Peer 1: 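My structure is below; once you've seen it, I'll send some questions.
When reading the values below, keep in mind they use all heavy atoms of this one structure, side chains included, and skip hydrogens, waters and symmetry mates. Values in this document were obtained by computation on a predicted structure and should not be read as measured data. Atoms within each ligand, like the ligands themselves, are counted from 1 in listed order.
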Amino acid sequence: MSGLGKIYGNGTVALQDVNLSINEGEFISFVGPSGCGKSTIFKLIAGLEERSSGNLEILGMTPKEARKQSEIAFVFQDHTLLPWLSVLDNVLLPLELRGMPKARRVEEAERALALVGLLEHRKSLPRHLSGGMKMRVSIARALAARPKLLLMDEPFGALDEITRQTLQDELLNIWQQDPSMTVLFVTHNTFEAVYLSTGIVVMTPRPGKVSAVVDVTAPFPRDESFRTSAAFSAWVREVSEHMQH
Ligand SMILES: Nc1ncnc2c1ncn2[C@@H]1O[C@H](COP(=O)(O)OP(=O)(O)OP(=O)(O)O)[C@@H](O)[C@H]1O
């Protein structure tokens, strides 16, 4: 992103001069006050909104090209599963829309469900699953097409703390299995950002700009001992301080 700006039709300046370069395979979290433009950045990346100024390139392509080639997938806080379809059919749906042959579709969907530990629930309906399980299905649906870029907008915001931490570990495991997959993650939770990320982008209040990028250089795999370490607290403090300035 260089000089990236977004002014909505009603005149709201959501983003101003955002400059950011993210390497393949990174796990980058975006934190900042409500309304600072985090979701707007995602919408521009996803090609759902047009930028007003500047440049944005994804894997050497425009957002729309990247989306067409199924290089981008999303996970939102609201799991958006179709209630009348089974777990497997929910995961199959986007593959079907892309015209993937049936046998391959089932193979990819089952691979993704196995990654999130839900293969044995493939025939269940969403209403028979817990909140954490629905989120896992939503992650499986995003992973089924093997995206190069995974956009996650506050995916764990509605979950209880224990489930949230379990899913954080599962997500890190999945990400580590594919070194070329880049994850961009929006969260309001500084602890979550530090635990998951290789880097954290701290944004200013509207109009959103990048106020700091904090590298979290702790090695992977990460576990409870990282969460309780002095280094972890120091990174949380650093991010919080940037958020207050
Ligand atoms: N379609 C739209 N039309 C007009 N203004 C919009 C539109 N979408 C977002 N905005 C405004 O742009 C600003 C940035 O919104 P955005 O949703 O990107 O922020 P955010 O950082 O994701 O917020 P939150 O943390 O509350 O989800 C806000 O002031 C919002 O009201």
Side-chain angles (χ1 to χ4, degrees), residues 1-22 26-58 62-64 66-67 72-81 131 134-135 138-139 142 147 149-161 163-165 167-168 171 182-214 216 235-236 238-245:
M1 298 167 207
S2 64
L4 189 65
K6 174 67 186 172
I7 304 174
Y8 282 107
N10 63 359
T12 302
V13 184
L15 294 174
Q16 202 174 56
D17 193 26
V18 173
N19 297 290
L20 206 54
S21 179
I22 294 170
E26 300 265 13
F27 196 123
I28 302 292
S29 288
F30 290 76
V31 298
S34 193
C36 72
K38 303 180 295 291
S39 302
T40 299
I41 289 195
F42 275 27
K43 285 183 204 155
L44 295 178
I45 293 174
L48 299 173
E49 287 282 354
E50 288 289 335
R51 66 186 192 274
S52 308
S53 53
N55 273 312
L56 171 60
E57 202 174 90
I58 297 153
T62 64
K64 281 193 179 140
R67 190 158 162 229
I72 305 177
F74 316 84
V75 178
F76 300 105
Q77 179 172 336
D78 173 10
H79 54 75
T80 64
L81 299 177
K134 283 182 203 153
M135 182 44 70
S138 191
I139 293 172
L149 180 60
L150 182 59
L151 303 177
M152 307 185 85
D153 197 347
E154 288 192 67
F156 305 152
L159 302 175
D160 66 82
E161 191 55 27
T163 309
R164 180 192 270 252
Q165 291 189 5
L167 282 179
Q168 288 168 356
L171 176 61
T182 310
V183 182
L184 306 185
F185 192 98
V186 166
T187 178
H188 280 108
N189 185 319
T190 321
F191 297 90
E192 178 167 73
V194 172
Y195 187 69
L196 292 172
S197 314
T198 57
I200 300 172
V201 177
V202 184
M203 298 191 56
T204 61
R206 190 159 64 83
K209 294 182 183 176
V210 175
S211 82
V213 179
V214 176
V216 184
W235 270 306
V236 169
E238 187 181 343
V239 173
S240 304
E241 278 168 12
H242 283 301
M243 283 174 76
Q244 279 154 23
H245 292 128

Peer 1: Tell me yes or no: between the side chains of Asp153 and Ser39, is some donor less than 3.5 Å from an acceptor?
Peer 2: yes
Peer 1: Mind checking whether Ala14 has an N or O less than 3.5 Å away from an N or O of ligand 1?
Peer 2: no
Peer 1: Return the closest protein heavy atom for atom 25 (O) of ligand 1 as residue, atom name and distance.
Peer 2: Lys38 NZ, 2.8 Å
Peer 1: What protein heavy atom is closest to atom 9 (C) of ligand 1, reported as residue, atom name and distance in Å?
Peer 2: Tyr8 CE1, 3.4 Å
Peer 1: Any idea which protein heavy atom is nearest atom 18 (O) of ligand 1, and the distance to it?
Peer 2: Thr40 OG1, 2.5 Å
Peer 1: What's the shortest heavy-atom distance between Val75 and Met135, and which atoms?
Peer 2: CG1-SD, 3.6 Å
Peer 1: Tell me which one of Cys36, Gly11, Ser34, Ser39 gets a heavy atom nearest to atom 26 (O) of ligand 1.
Peer 2: Ser34
Peer 1: Would you mind checking if Glu50 and Lys64 are paired as a salt bridge, meaning a charged N to carboxylate O distance below 4.0 Å?
Peer 2: yes
Peer 1: Hey, is atom 31 (O) of ligand 1 touched by any protein heavy atom at less than 4.0 Å?
Peer 2: no
Peer 1: Decide whether Ser52 and Tyr8 meet the rule of one side-chain donor and one side-chain acceptor closer than 3.5 Å.
Peer 2: no
Peer 1: Where is the nearest protein heavy atom to atom 19 (O) of ligand 1: which residue, which atom, and how far?
Peer 2: Gly37 N, 3.2 Å
Peer 1: Just by distance, do the side chain of Ser197 and the backbone of Ala193 share a donor-acceptor pair under 3.5 Å?
Peer 2: yes
Peer 1: What is the nearest protein non-hydrogen atom to atom 11 (C) of ligand 1, stated with its residue, atom name and distance?
Peer 2: Thr12 CG2, 3.8 Å
Peer 1: Tell me which one of Pro207, Gly157, Pro205, Gly35 gets a heavy atom nearest to atom 14 (C) of ligand 1.
Peer 2: Gly35
Peer 1: State the atoms of ligand 1, each with its element, that fall below the 4.0 Å cut-off from a heavy-atom position in His188.
Peer 2: 25 (O)
Peer 1: Is a donor on one side and an acceptor on the other found under 3.5 Å between the side chain of Lys209 and the backbone of Asp17?
Peer 2: no
Peer 1: Looking just at side-chain N and O atoms, do Thr198 and Glu26 make a donor-acceptor pair shorter than 3.5 Å?
Peer 2: yes
